[in-house]
Amino acid sequence: MSDFDDNWQISGSSDPATPDVQPHQVQPAAQPVQVFQPAQPMQPAAPQMPMQQPMAQPMGQPVYQQPVAQPMQGQPVYQQPVVQPMQGQPVYQQPGYAQAPVTVSGPMTGYGYAMSQQAVQYRTADYGAEREKNLNECARMINHFSPKVDLYQDYEKCKTDIVRYSRSSVAPLVWGIIICVIGLALVFSAITANYKDNIIGYSIAAGIALLIGVGLILLFALKKRYNKKKIEELYTQLGELSNQLNLLYNGFSNCILPPEFTDPRILFKLQSLIISGRCVTIGNAINALLSVRNTYMRINQAKAQFQQDTAARFNGTPAFFNAVRYLDLR
């Protein structure tokens, strides 16, 4: 039991269950006190670059992967295109790669692209079908317009006659005026002559010259009047032929050509270009005809001028325009 001594210090055992250490007992060595050190904060890990998945590429295109980290020093190395399995799908040939179609049975390698036999057959069939379609359209137009080829020829002749009669020569008028001036000079010479014989000769020559000059002037005036009357008749005929040609063109449903290219002579030329293999479509054949010596520009200028002239005469409605003469197919 614990008790207090004279100095008021605790003596004895403090607890009966834990008796005081006796002198003969060895006390254990004192253990060093361990001071608790606070834990160091952990350094955040460096963010890792997420691995990017390659984007889906369309069939037949090379897939370029992201640069791969190399253990050696230097720049990242970009890898070669990844070999893609064909899986039975045709790969269409890109321009600038393989020169000839090759049948591919396994995965393709390198940068060359190859075309399967199925794609070759499809292109061949498509080419033949397009050519056959345009030939049928040519035949349909020829069957409709060729029975009226005489109508086109009469129309062209009428236009040619209008141009011819519009350009009447002024030579008779010029020569008539010159001869009349000579006749008047002879008359003046006859008046001023000193001898009677000379007066008679000058008078006869002056009369003949005046008759010839006046006759040429009258001939020019009569011819000009006749030409004007003839031009009016030709314009009337041109209007009638133009109406017939417009009805003929409107009677053909869904014509892919403008009216100026429906002349049967032009249609036969287009058909021959497709049959010979120089062109595949009607549009290609038209472009082939118009590409010679700026023909397209000449036709447009002539069409604009012709429509302007005829619209002024036919109450604002231009006449039918035919381009056959500008294509050297007359």
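Numbers here simply count residues along the sequence, with the first being 1. Side-chain atoms are counted along with the backbone in the values below, which use heavy atoms only and exclude waters and symmetry mates.
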Who are the side-chain contact (heavy atoms from CB on, under 4.5 Å) partners of [X], not counting sequence neighbours?
| X | answer |
| --- | --- |
| Ile208 | Ile204, Ile212 |
| Glu233 | Lys229, Lys230 |
| Leu211 | none |

Do Leu184 and Leu210 have side-chain heavy atoms sitting under 4.5 Å apart?
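SC-SC contact between Leu184 and Leu210 confirmed.
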
Does the ring of Phe306 carry Lys159 above it, NZ/CZ under 6.0 angstrom from centre and within 45° of its axis?
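Yes, a cation-pi geometry.
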
May I ask you to establish whether Arg313 and Tyr235 are in a cation-pi arrangement, using a distance under 6.0 Å from NZ or CZ to the six-membered ring centre and at most 45° from the ring axis?
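Judged by the rule, Arg313 and Tyr235 form a cation-pi pair.
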
Are the charged groups of Asp154 and Lys157 less than 4.0 angstrom apart, N to O?
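Salt bridge between Asp154 and Lys157, a charged N being under 4.0 Å from a carboxylate O: no.
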
Could you see if Tyr296 belongs to whatever hydrophobic cluster contains Val292? Use Ile, Leu, Val, Met, Phe, Trp, Tyr and a side-chain cutoff under 4.5 Å.
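Each belongs to a different hydrophobic cluster.
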
Taking Val149 as the starting point, is it possible to reach Leu151 by hopping between hydrophobic residues whose side chains are less than 4.5 Å apart?
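The answer is no; the residues belong to distinct hydrophobic clusters.
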
Starting at [atom1] of [X], measure out to [atom2] of [Y] and round the result to the nearest 0.5 Å.
| X | Y | atom1 | atom2 | value |
| --- | --- | --- | --- | --- |
| Gln237 | Tyr155 | CD | OH | 11.0 Å |
| Thr262 | Lys148 | OG1 | NZ | 13.5 Å |
| Tyr326 | Met297 | OH | CE | 14.5 Å |
| Ile162 | Glu232 | CD1 | CD | 9.5 Å |
| Ile286 | Ile256 | CD1 | CD1 | 8.5 Å |
| Cys158 | Leu241 | SG | CG | 6.0 Å |

To check you understand the geometry: which heavy-atom pair defines the closest contact between [X] and [Y], and what is its length?
| X | Y | value |
| --- | --- | --- |
| Ile179 | Gly213 | CG2-N, 3.6 Å |
| Gly183 | Ala206 | O-CB, 3.2 Å |
| Phe220 | Ser169 | CE1-O, 3.3 Å |
| Leu273 | Ala288 | CD1-CB, 4.5 Å |
| Ile299 | Ala323 | CD1-CB, 4.0 Å |
| Ser146 | Pro264 | CA-CG, 3.6 Å |

Identify each donor-acceptor pair in which a side-chain atom of residues 131-145 lies under 3.5 Å from a protein atom, sequence neighbours left out, and give them as a table.
| unit_1 | atom_1 | unit_2 | atom_2 | d |
| --- | --- | --- | --- | --- |
| Arg131 | NE | Ile274 | O | 3.4 |
| Arg131 | NH2 | Ile275 | O | 3.1 |
| Asn134 | OD1 | Ile282 | N | 3.0 |
| Asn134 | ND2 | Glu130 | O | 2.7 |
| Asn134 | ND2 | Glu130 | OE2 | 3.4 |
| Asn136 | ND2 | Glu132 | O | 3.2 |
| Glu137 | OE2 | Arg140 | NH2 | 3.1 |
| Asn143 | ND2 | Ala139 | O | 3.1 |
| His144 | NE2 | Leu248 | O | 2.9 |

Under 3.5 Å: donor-acceptor pair, side chain of Ser242, backbone of Leu238
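Side chain of Ser242 to backbone of Leu238: no pair is present.
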
Hydrophobic side-chain clustering at under 4.5 Å (ILVMFWY, transitive links): who's grouped with Val214? Put none if nobody.
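Hydrophobic cluster check, Val214: joined to Leu218.
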
Selection residues 277-291 - residue pairs positive for side chain to side chain donor-acceptor pair (under 3.5 Å), sequence neighbours left out:
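Side chain to side chain donor-acceptor pair (under 3.5 Å) check on residues 277-291 returns Thr281-Asn284.
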
If the test is side-chain contact (heavy atoms from CB on, under 4.5 Å), which one of Leu267, Ile266, Asp263 qualifies with Leu257?
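Between Leu257 and the candidates, side-chain contact (heavy atoms from CB on, under 4.5 Å) is satisfied uniquely by Leu267.
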
